[in-house]
Amino acid sequence: MPLLLAQQILAGEIRALASTMTLIENGDPRAKAILKAVYPHTGRAQVIGVTGAAGTGKSTLIDRMTAEYRRRRKTVGILAVDPTSIFSHGALLGDRIRMRAHFVDRGVFIRSFATRGAGGGVAAAVRDAIHLLDAAGKDVIFVETIGVGQDELEIARLVHMVVAVLIPEMGDDVQAMKAGLVEIADIFVVNKTDLPGADVTLQQLRDLFNEFDIVATSASNNDGIQKLVHVIEKRRAQSLGNGQYHRKRLQLCREELLSLLRQRLVAQLRKRLDDQALDAGAKRIAERRVDPYSEVKAIAKKLGF
Ligand SMILES: Nc1nc2c(ncn2[C@@H]2O[C@H](COP(=O)(O)OP(=O)(O)OP(=O)(O)O)[C@@H](O)[C@H]2O)c(=O)[nH]1
Ligand SMILES: [Mg+2]
């Protein structure tokens, strides 16, 4: 069964892709067998993270960029990640409607990805979803995330390039976001430049982030989209030329390896260390009969680590 699904995914069958996405979303172990089978066919896609505060226009931008990439004969996969998922229904429905133009296009696969990442965390599930879209032959994969929380920082580390989306008159927010965004962003977009205050925000950003590419867009008016895609492609060509892309890929594989190893080790550990033993240790620590460092050492020794 997994192998049949794998074949169908490689053949670009949308239903197989969608049902495997659901397996990943639910943390279903059957997903692993499929991912193993398709893995040799991955590694070709260009993966672009799009992040920014709620409502800045990320989905609209992705929708417009998708149209531009389609014009360039590229196929596109879109993952709108909503780790909280509780609040997601309205927003996700909105995403679906805004991106509806691409729904009938077989060259575009859109998925709202609501997961708490059973097992390996949200980031691990998103990474698997990216592999899947890659195997299905998508040339460009957009990963939309909201804000700069811990999950987003982790997700930003799964992509080749991060586009950070801001809007005019965010004022102090620009400063507040600086620390978080600078760490992960490659390109800054000031969207909604049709609104007042765009010039001030652009100037602020240029002062703060002079070493970054900064692009002004109005996604709803389709302004600046070609420029944005041009900047993305320019950076991609540069990073391919100077070896940066190669290093990045190696780094992503290294992080994946570490994260999977961690997942496996913790799972094995929990098999041998039941809740009772854990509670007993916690009680000893709470009562200050032992410090946590010594307790860990004692448990590790007992389990033979
Ligand atoms: N004026 C203006 N409005 C825009 C622009 N781009 C998007 N919007 C509007 O801003 C609102 C939010 O757009 P979305 O694309 O859903 O923003 P988002 O960042 O994906 O939102 P979340 O996923 O909920 O965080 C919608 O009402 C859009 O129509 C723009 O360039 N100018
Ligand atoms: Mg959105």
Side-chain angles (χ1 to χ4, degrees), residues 21 25 47-70 76-103 108-115 122 126 129-130 133 140-156 159 161-171 173-174 176-177 180-181 184-185 187-202 205 214-232:
M21 280 286 177
E25 205 169 27
V47 190
I48 303 167
V50 179
T51 193
T56 46
K58 299 176 294 294
S59 299
T60 316
L61 271 168
I62 290 171
D63 179 64
R64 302 296 191 175
M65 285 193 279
T66 296
E68 176 60 22
Y69 274 112
R70 292 300 289 142
V76 179
I78 301 168
L79 290 172
V81 183
D82 191 344
T84 54
S85 82
I86 309 163
F87 306 107
S88 67
H89 289 296
L92 297 183
L93 188 62
D95 285 344
R96 294 210 171 108
I97 291 166
R98 267 188 292 288
M99 292 179 180
R100 76 184 155 217
H102 304 296
F103 259 94
V108 180
F109 182 90
I110 303 170
R111 178 74 179 213
S112 290
F113 204 67
T115 177
V122 178
V126 173
I130 292 172
L133 289 172
V140 179
I141 300 170
F142 289 110
V143 182
E144 177 184 335
T145 56
I146 300 177
V148 285
Q150 195 52 44
D151 282 332
E152 287 71 32
L153 287 177
E154 277 182 35
I155 289 164
V159 302
M161 192 187 294
V162 173
V163 176
V165 184
L166 302 167
I167 51 173
E169 301 210 71
M170 283 179 81
D173 288 353
V174 172
M177 287 180 91
L181 285 179
I184 57 168
I187 298 170
F188 282 99
V189 169
V190 177
N191 187 39
K192 307 199 184 186
T193 48
D194 53 294
L195 297 180
D199 291 344
V200 177
T201 306
L202 273 166
L205 268 179
I214 300 169
V215 184
T217 62
S218 168
S220 47
N221 293 345
N222 213 11
D223 275 346
I225 303 300
Q226 285 196 7
K227 170 83 194 292
L228 176 55
V229 171
H230 173 77
V231 169
I232 290 172

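Whatever order the structure lists them in is the order used to number ligands and atoms, beginning at 1. FYI, side chains are in, hydrogens and waters are out, and symmetry mates aren't considered; it's all heavy atoms of this structure.
Ligand-side atoms of ligand 1 in range of A219: 6 (N), 30 (C), 31 (O), range being under 4.0 angstrom from any heavy atom. Using a 4.0 Å cut-off to heavy atoms of E144, the atoms of ligand 1 that qualify are 20 (O), 23 (O). Interface of I146 with ligand 1, defined as ligand atoms under 4.0 Å from a residue heavy atom, comprises 25 (O). The atoms of ligand 1 that sit less than 4.0 Å from any heavy atom of A54 are 25 (O). Listed by atom number, the atoms of ligand 1 under 4.0 Å from N191 heavy atoms are 5 (C), 6 (N), 31 (O).
Separating the CD1 atom in I78 from the CZ atom in F109 is a distance of 10.5 Å, to the nearest 0.5 Å. From E144, atom CD reaches atom CD1 of I155 across 11.0 Å, with rounding to the nearest 0.5 Å.
Residue-level proximity to ligand 1 for T60 is carried by backbone and side chain together, each with a heavy atom below 4.0 angstrom. Using a 4.0 Å cut-off between heavy atoms, T56 contacts ligand 1 through both its backbone and its side chain.
Centred on the Mg ion (ligand 2), the OG atom of S59 and the OE2 atom of E144 lie at an angle of 90°, reported to 10°.
Of all the heavy atoms in I48 and I232, the pair that sits closest is CD1-CG2, 3.8 Å. Of all non-hydrogen atoms in M161 and I187, the two that sit nearest each other are SD-CD1, 3.9 Å. Listed here is the closest heavy atom pair of I141 and I130: CD1-O, 3.7 Å.
Atom 20 (O) of ligand 1 has its nearest heavy-atom neighbour, among S220, S59, S112, in S59.
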Output a table of donor-acceptor pairs, distance under 3.5 Å, between side-chain atoms of residues 191-200 and any protein atom two or more places apart or on a different chain; print 'none' if there are none.
residue	atom	partner	partner atom	Å
N191	OD1	T217	OG1	2.9
N191	OD1	A219	N	2.9
N191	ND2	T56	O	3.0
K192	NZ	G55	O	2.8
T193	OG1	T217	O	2.8
D194	OD1	S218	OG	2.9

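Qualifying ring pair (Phe, Tyr, Trp, His ring centres under 6.0 Å) partners for F188, counting only residues two or more places apart in sequence or in other chains: F209, F212.
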